[in-house]
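Here's the structure we're looking at; comments come further down.
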Amino acid sequence: MIRITFPDGSLKEYNKGISSLEIAEQISPQLAKEVYAATVNGEVWDLTRPINGDATIRLHKWEDEAARHAFWHSSAHLMAEALESLYPGIKFGIGPAIENGFYYDVDPGDGKTITEADLAAVENKMKELAAKKLVYKRKEVSKKEAMDYFTKKGDDYKTELISELEDGTISLYTQGNFTDLCRGPHLPTTEPIKAIKLTSVAGAYWRGNENKKMLTRIYGITYPKQKMLDEYLVLLEEARKRDHRRIGKELELFTFSQKVGMGLPLWLPRGADIRQNLIDYLTSVLRKRGYKIVTTPHIGNVNLYKLSGHFEKYGTSSFRPMSTPQEGEQFMLKPMNCPHHCEIYNSTPHSYKELPLRMAEFGTVYRYEQSGELHGLTRVRSFTQDDAHHFCRPDQLREEFKSIIDLILYILRILNFNDYTAQISLRDPDNKEKYIGTDENWEKAERDIIVAAGEKNLETTVVPGEAAFYGPKLDFMVKDAIGRKWQLGTIQVDYNLPERFDLTYNGSDNQKHRPVMIHRTIFGSLERFVAVLIENSAGKFPLWLAPEKAVILPISEKFNDYALKVLEILNNSDICTLIDDRSEKIGKKIRDNELRRIPYLLIIGEKEAVSGTVAVRKQGEGDRGSMTVEDFANFIKAEIKKETAL
RNA sequence: GCCGAUGUAGCUCAGUUGGUCAGAGCAGCUGAUUUGUAAUCUGCAGGUCGGGGGUUCGAAUCCCUUCAUCGGCUCCA
């Protein structure tokens, strides 16, 4: 007998060799139908794998990621089997489960392609195979056995993977006529895979290396019930409606022009208003927090970037330097504001008493992003950073860093971004040549960030290899409508640029000392931030950000005079207001202006004209009753104040 | 940059195997209507079917090329 401990702490005895599935069945047959994987002694296992000793166990139903992963990973194998039967000789790369579904990287063979048009056939084959209730069989094999199998099969991607594995840790999974190298775990059978949708085909470099062959990546998702798949597809459709590129066009926020150039956003008046509202608001917050606002040019001498290291690092992959009539003189579009800010720091001597110095700029920078990477406002070649650099003494660094975390969290809260993640990005220990600066400085900086984030009780993930070339960073990321993660705010500790620019301050000992720099943004780029804001709000901006706060809708032309009077009063009170005096019925005007996402609609007819009031209708919520024009103006101002002060 | 797909009026889309196929709805402009909380009616105007080249008696439709967009990959100071 073995003793099995359950998550609630309860303990039961079973025969040795019992599987998680059998345990589930003994608890309830219904449960057995709903579990897809089990964690045994901390490791996720196949449900059918025998347990041979005392163990702790946790059964995973669909709600657990481990269950979905097993489900989708098994689906990837199922898709592979379908592909192999439809495309004999096809080779397989990797085929993991992902956050929403799974993919498999395949090489259909020279000259052969798989396109989206072919997916339906693969899908049908998968359904056919799944219905056979094929059993997923695990087999642990030696490295040589695995090697022999895939060499014979001619799948050189798999043999490449195997050659890097350690003997004794290799397992194969077989279902039907398909065997794959795989760690598992998998479902017991293909039976639960009922609803199948292959979503897209894309190219993907083998092992993520752009010098290696490009494989065909097929994405798909599966569910145990058709209804769940339908719901997912509806959700995807809803997300597409929130796409900032679509809403940006609908609401006339921004546009692009091929004549101007790809990746160069043109802000339309309504978008520019939102952008300006963000700048004005953040500026006032920054001033209260001791920041000094500076402004620097859009270009800088190429030597500036040679000194900072940017040229060496990005010179060949960015906008090329431009020359002047002067022989040998070259300038670059600025890709970063920090070198300029360093020179502002250097323009006067500094005492330890004036540190920390907080220098902020809404600085527009230019980066030559690869053409395939451009994406609406989130990835552009010209964008404005809400950039700032804190120059501080080493002993101030940690407090300064923590105060920036506070500031970022404050702004995220104001803007209702509750679903963010924080990531600490460190140097890649195996590729130190990618970075500038000494090991000592890097270690110091990395420690600073980890400690500061820890003291703020910030939940973070640590990712080596994601640091900037001059220093480690703490990034705040949010997701867009389709689930892609975007970096917004970032805080970076930098000991290196101060050395390169020879920044100093006089200490209390009257000796020269080296300050530490913190680079930080809150929005990141205003372009990207507005994009994420659009997708978060589906274009229903908070009142304080909305380009227009209200629109006046006269019931008929008879009330236009009064409407114009109201318009004047509100605009004079700095409440940007529109009027819709078209010869349309009120229902039509309400509909159109609701769709424009104007926060308040003010309906004006006989009653209002006589009593000097407006009938207020809130966007998305409906009739709010009448109030005087003055009361409405005060109400709007109070609302804005409430929104921007926490 | 790489792989794949797409590209028809301002927007969303029709356009069967190449042969009155250049269309619809919304938006716009006209005129009528003067309206009480999510679409009033009439008429008009809008496009070298992304650009260039080719095949053909004939191309939105087939081929080549180029540009852009979309989905990924790589990259992201």
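Naming convention: chains lettered A, B, ... in sequence-line order (proteins, then strands); numbering from 1 in each chain. Computed from a prediction, not measured in an experiment: that's the story for all the values here.
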So which nucleotide does B/U6 pair with, by the Watson-Crick or G-U wobble rule with both distances under 3.5 Å? B/A68
For A/K213, answer base if it contacts any base atom (sugar-phosphate contacts may also be present), sugar-phosphate if it contacts only those atoms, and nothing otherwise; contact means non-hydrogen atoms under 4.0 Å. nothing
Could you tell me how far B/G53 sits from B/G46 if I compare only their C1' atoms? Round to whole Å. 29 Å
In whole angstrom, give me the gap between the P atoms of B/U61 and B/G7. 11 Å
Residue pair A/E116/A/W206 against RNA chain B: nearer the 5' end by closest nucleotide is A/E116
Going by the rule salt bridge (Lys or Arg N to Asp or Glu O under 4.0 Å), which residues pair with A/K259 if we only count those two or more places apart in sequence or in a different chain? none
Between A/Y219 and A/A467, which is nearer to the 5' end of RNA chain B once each is assigned its nearest nucleotide? A/Y219
Would you kindly give the CD-to-C1' distance between A/Q258 and B/U66, to the nearest whole Å? 12 Å
Would you list the pairs meeting side chain to side chain donor-acceptor pair (under 3.5 Å) in which at least one residue belongs to residues 552-563 of chain A, sequence neighbours left out? none
Could you state the CG-P distance from A/L251 to B/A27, rounded to the nearest angstrom? 16 Å
Looking at B/C11, which nucleotide sits across from it as a Watson-Crick or G-U wobble partner, both distances under 3.5 angstrom, or is there none? B/G25
Would you please name every residue forming a ring-ring contact (aromatic ring centres under 6.0 Å, His included) with A/Y103, sequence neighbours left out? A/Y219
B/G4 P sits how many Å from A/M214 CE, rounded? 9 Å
Which nucleotide, in any strand shown, forms a Watson-Crick or G-U wobble pair with B/U37, with both distances under 3.5 Å? none
Residues passing the salt bridge (Lys or Arg N to Asp or Glu O under 4.0 Å) test with A/D623, sequence neighbours excluded, are none
Between C1' of B/C11 and CD1 of A/I247, the distance in whole Å: 15 Å
Can you measure A/D118 atom CG to B/C3 atom P for me and round it to whole angstrom units? 18 Å
Within the side chain of A/R379, is there an N or O that forms a donor-acceptor pair under 3.5 Å with the backbone of A/L374? no
Partner nucleotide, any strand, of B/C75 [Watson-Crick/G-U, under 3.5 Å]: none
Base of B/A77 and ring of A/Y470 stacked, centres under 5.5 Å, planes under 30°: no
Between the protein and nucleotides 42-52 of chain B, which nitrogen or oxygen pairs are less than 3.5 angstrom apart?
none

Would you mind classifying the nucleic acid contact of A/T115 as base, sugar-phosphate or nothing, using non-hydrogen atoms under 4.0 angstrom? sugar-phosphate
Tell me every residue that passes side-chain hydrogen bond (donor to acceptor under 3.5 Å, both in side chains) with A/E608, counting only those two or more places apart in sequence or in another chain. none
Residues A/D107, A/K112: salt bridge by 4.0 Å N-O rule: no
Between A/R591 and A/E594, is the closest basic N to carboxylate O distance under 4.0 Å? no
Is it the case that B/G72 (base atoms only) and A/Y205 (side chain only) share a donor and an acceptor within less than 3.5 Å, ignoring hydrogens and angles? no
Stretch residues 331-344 of chain A: residues that reach within less than 4.0 Å of RNA chain B through a heavy atom: A/P335, A/M336
hbond_proxy A/R379 side chain to B/C76 base (donor-acceptor, 3.5 Å cutoff): yes
Could you work out, with salt bridge (Lys or Arg N to Asp or Glu O under 4.0 Å) as the rule, every residue matching A/R500, not counting sequence neighbours? none
Does the side chain of A/H375 get closer than 4.0 angstrom to OP1 or OP2 of B/G71 through an N or O atom? yes
In whole angstrom, give me the gap between the P atoms of B/C21 and B/U30. 33 Å
Tell me: CG of A/L304 to P of B/A77, nearest whole Å? 18 Å
Please evaluate residues A/Y345 and A/H389 with respect to the criterion ring pair (Phe, Tyr, Trp, His ring centres under 6.0 Å), reporting the C-alpha separation (whole Å), side-chain torsions for both, the decisive distance (0.1 Å), and the verdict. CA-CA 10 Å; A/Y345 181 92; A/H389 296 94; over 10 Å; no
Between B/G51 and B/C67, how far apart are the two P atoms, rounded to whole Å? 15 Å
Would you measure the distance from the C1' atom in B/C41 across to the matching atom in B/U48 and give it in whole Å? 35 Å
Residues in side-chain hydrogen bond (donor to acceptor under 3.5 Å, both in side chains) with A/N593, at least two apart? A/D580, A/R596
What does A/A202 touch in the nucleic acid at a heavy-atom separation under 4.0 angstrom: a base, only the sugar-phosphate, or nothing? base
For A/V462, give me all partners under side chain to side chain contact (heavy atoms under 4.5 Å, CB included), at least two apart in sequence or on another chain. A/I424, A/L426
Answer yes or no: does atom CD of A/E312 have more than 12 heavy-atom neighbours from other residues, nucleotides or ligands under 6.0 Å? no
Taking syn as a glycosidic torsion within 90° of 0 and anything else as anti, which one is B/G46? syn
Rounded to whole angstrom units, what separation is found between the CZ atom of A/R596 and the P atom of B/C26? 19 Å
For nucleotides B/C75 and B/A14, find the distance between their C1' atoms and express it as a whole number of Å. 40 Å
Could you state the CZ-P distance from A/F469 to B/A77, rounded to the nearest angstrom? 9 Å
Given 3.5 Å as the limit, does a donor-acceptor pair link the side chain of A/K589 with the main chain of A/P554, or not? yes
Atom C1', compared across B/A45 and B/C29: separation rounded to whole Å: 7 Å
Can you tell me if A/S200 touches the phosphate of B/G72, counting only side-chain N or O atoms and a distance under 4.0 Å to OP1 or OP2? no
Among residues at least two apart in sequence or on other chains, which ones pass salt bridge (Lys or Arg N to Asp or Glu O under 4.0 Å) with A/E548? A/R270
According to a strict under-4.0 Å criterion, is A/R217 in side-chain N/O contact with OP1 or OP2 of B/C3? no
Quick one: what's the B/S/- string for nucleotides 32-40 of chain B, heavy-atom cutoff under 4.0 Å, read 5' to 3'? -BBBBBBBB
Can you check the distance between B/U42 and B/A38, where both ends of the measurement are the P atom (answer in whole Å)? 23 Å
